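Taking it in order: structure first as structure tokens, then the write-up.
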Amino acid sequence: MLDIKQIRNQTEKVKAALDKRGSYDLQPLLELDSQQRELEQRRSELQARSNEVGKSVGQKIRAGADPKGDEVKSLREAGNQVKQEIGELEPKERELKAQIESILLTLPNLPSDSTPVGKSEDDNVELRRWGDELIPADGEDRLPHYEIGEKLGIMNFERSVKIAQSRFVTLTGAGAALERSLISFMLDRHTGVGYNEVLPPILVNSASMQGSGQLPKFAEDGFKCDRDDLWLTPTAEVPLTNLHRDEVLTADQLPIDYCAYTPCFRREAGSYGRDTRGLIRLHQFNKVEMYKFVHPGSSFDELEKLTADAEDILQQLKLPYRVLELCSGDLGFNATKTYDLEVWLPSAGKYREISSCSNCIDFQGRRANIRFKESGKKGTEYVHTLNGSGLAVGRTMAAILENYQKPDGTVEIPEVLQKYMGTQAIS
RNA sequence: GGAGAGGUGGCAGAGUGGUCGAAUGCGCUCGACUUGAAAUCGAGUGUACCGAAAGGUACCGUGGGUUCGAAUCCCACCCUCUCCGCCA
């Protein structure tokens with residue numbers, strides 16, 4: 001959520017930043033805001049008067065006045081009149097506040113100053129590449145991951161349709177073991193450098209979904225449990241953000257680094273024809289997420305560290321990848337600055353997103369009301385939050401199956417995973 | 001699912017209609033004492049909004065209601081705990 005005060009006081013700046021993403025008209029919001037403040041002023045003056053009256057009734061009675069006498073009676077009437085006026089203003093003010101809130105909840109974060117300006121993913125900026133892209137020699141048979149996976153008998157899509165729907169997968173044998181190995185490897189790596197491992201609820205309530213930015217705008221993309229106010233988490237970012245919702249942390253607690261493995265559930269509304277085969281786009285997938293609550297002064301440095309932590313997984317797995325900085329038009333709703341990591345998929349001959357690392361600055365902190373207090377300083381400040389996949393597990397498996405595929409149809413296990421798997425290859 | 005108890009400040013906990021934003025204790029901050037520390041003593045210590053400021057308003061789980069006045073009374077909801085049932 002953006003800061004209404006900032007919108008009020010630096011309207012042009014905010015508008016210019018928002019326009020890098022799309023087109024936004026802030027005038028209606030500002031209009032509501034000034035009406036609301038005017039009403040608030042009048043209402044609080046009336047309330048002050050009402051408190052006055054209430055107090056003096058008490059004083060009179062204690063001083064011996066007749067509670068049923070004229071003096072008290074006229075005060076009561078005065079009190080009633082003020083109360084009636086307040087009663088007229090209150091609903092209006094509440095309505096205005098609700099309108100302001102609902103507009104604020106749909107405004108995306110402002111792109112950072114350093115974010116490249118652009119309209120779509122075509123305008124994202126490639127920053128660096130790591131590793132050698134594997135390009136199959138002529139006549140060499142390189143299968144896409146879903147074909148090699150089915151051939152090896154470790155992954156089944158047809159039967160998953162029977163169990164659930166399309167866009168689900170069932171892993172068996174070495175496939176299941178590889179998924180589990182990847183999760184353990186990633187968690188071990190991150191906890192090894194100080195991330196605190198979390199295994200959160202994966203059903204989350206609406207307040208949590210709003211706190212981390214999924215609601216109200218992206219309700220269609222979530223799976224909802226109809227009889228309860230609970231949603232299946234689309235990402236561990238939701239429970240992790242809300243771990244500290246409505247809390248005031250102390251400055252010396254920061255930074256707080258968490259990592260979490262969770263399944264993630266997404267309807268993928270609006271991407272019906274895309275990536276219909278394989279592990280790339282499923283309704284349910286596994287992800288290891290990294291999440292940081294940090295001091296505002298260090299959040300951009302922390303983003304670099306977070307991205308490096310995600311890259312390290314790819315490097316240890318020896319998977320070629322590239323790093324993109326998202327342009328303003330492709331930035332996610334919560335983010336002010338985002339690096340995407342894309343892994344090389346030989347079957348497609350291109351890079352596919354495997355991690356997204358974002359600095360959300362105070363956007364989620366304000367939404368979820370997560371603040372910190374600096375000792376000795378008055379008041380509180382919103383924390384800055386960052387999140388990054390480290391990594392999307394299914395896509396990592398896809399990349400391994402394709403990049404580690406041998407001409408004879410077997411798949412080698414990356415060295416760092418061998419101790420987790422207990423084998424050197426899947427055949 | 002059934003029965004009961006309860007939700008108050010960073011924490012513990014008092015407060016059943018009127019100077020209660022809220023006693024007290026712990027914690028925390030500053031100071032005194034001390035070679036230093038502990039202990040002790042003294043002072044201070046919620047958040048948000050409006051306002052240039054003075055100041056004002058709101059907040060005792062949430063939302064309504066009664067009243068001149070509500071942490072306190074009434075209603076609804078949410079949550080937590082205990083016991084019983086069921087269960088990995």
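Throughout, a chain's letter reflects where its sequence line sits, starting with A, and its residues are numbered from 1. The model shown is predicted, which means the values in this text are computed figures rather than measured ones.
In this entry the distance linking CD of A:E45 with P of B:A54 reads 17 Å, nearest Å. For A:E90 and B:G65, the CD to P distance is 9 Å, given to the nearest whole Å. The CZ atom of A:F372 sits 12 Å away from the P atom of B:A48 (whole-angstrom rounding). Distance A:L89 CG to B:U57 P: 16 Å, rounded to the nearest Å. At whole-Å resolution of the value, CD1 in A:I86 and P in B:U67 are 15 Å apart. Note: NZ (A:K55) to C1' (B:U57) measures 12 Å, nearest angstrom. Here the C1' atom of nucleotide B:A48 and the CD atom of A:E40 are 10 Å apart, to the nearest Å. One atom, CD of A:Q47, and another, C1' of B:C68, lie 14 Å apart when rounded to the nearest Å.
Between A:T250 and B:G10 there is no side-chain polar atom (N or O) within less than 4.0 angstrom of OP1 or OP2. In this model, the phosphate group of B:G18 is not approached by any side-chain N or O of A:R76 to a distance below 4.0 Å at OP1 or OP2. Residue A:R43 has no polar side-chain atom (N or O) positioned under 4.0 Å from OP1 or OP2 of B:G56. Between B:G18 and A:K60, no contact under 4.0 Å exists linking OP1 or OP2 to a side-chain N or O. Using a 4.0 Å cut-off, no side-chain N or O of A:R371 falls inside it from OP1 or OP2 of B:G46.
Looking at A:Y291 and A:D257, their side chains never bring a donor and an acceptor atom within 3.5 Å of each other.
On the P atoms, B:G69 is 15 Å away from B:G21, given to the nearest whole Å. The P atoms of B:G44 and B:G51 are separated by 31 Å, rounded to the nearest whole Å. Nucleotides B:G9 and B:C60, compared at atom C1', are 9 Å apart to the nearest Å.
Salt bridge status for A:E220 with A:R267: absent, with no side-chain N to carboxylate O gap under 4.0 Å. Between A:E412 and A:K406 there is a salt bridge, since a side-chain N of the basic residue sits under 4.0 Å from a carboxylate O of the acidic one.
Nucleotide B:A88 forms a pair with no other nucleotide shown, judged by Watson-Crick or G-U wobble geometry with both contacts under 3.5 Å. Both distances falling under 3.5 Å, in either a Watson-Crick or a G-U wobble arrangement, occur for no nucleotide opposite B:U19. The nucleotide B:G69 finds no pairing partner, because no Watson-Crick or G-U wobble arrangement with both distances shorter than 3.5 Å includes it. When Watson-Crick and G-U wobble pairs are counted only if both distances are under 3.5 Å, B:A5 pairs with B:U80.
Distances were taken from every side-chain heavy atom of A:N51 (C-beta onward) to each of B:C68, B:U47, B:U57; the shortest belongs to B:U57. Proximity note for A:Q59 (side chain, C-beta onward) versus B:C50, B:U57, B:U19: the nearest is B:U19. Candidate nucleotides B:C68, B:U57, B:G51 were compared by shortest atom distance to the side chain of A:V53, and B:C68 ranks first.
The aromatic ring centres of A:F363 and A:F333 sit less than 6.0 Å apart.
Under a 3.5 Å cut-off, the side chain of A:N242 and the backbone N or O of A:R245 do not form any donor-acceptor pair.
Scanning both residues, A:E179 and A:G394, for their nearest heavy atoms gives OE2-N, 4.0 Å.
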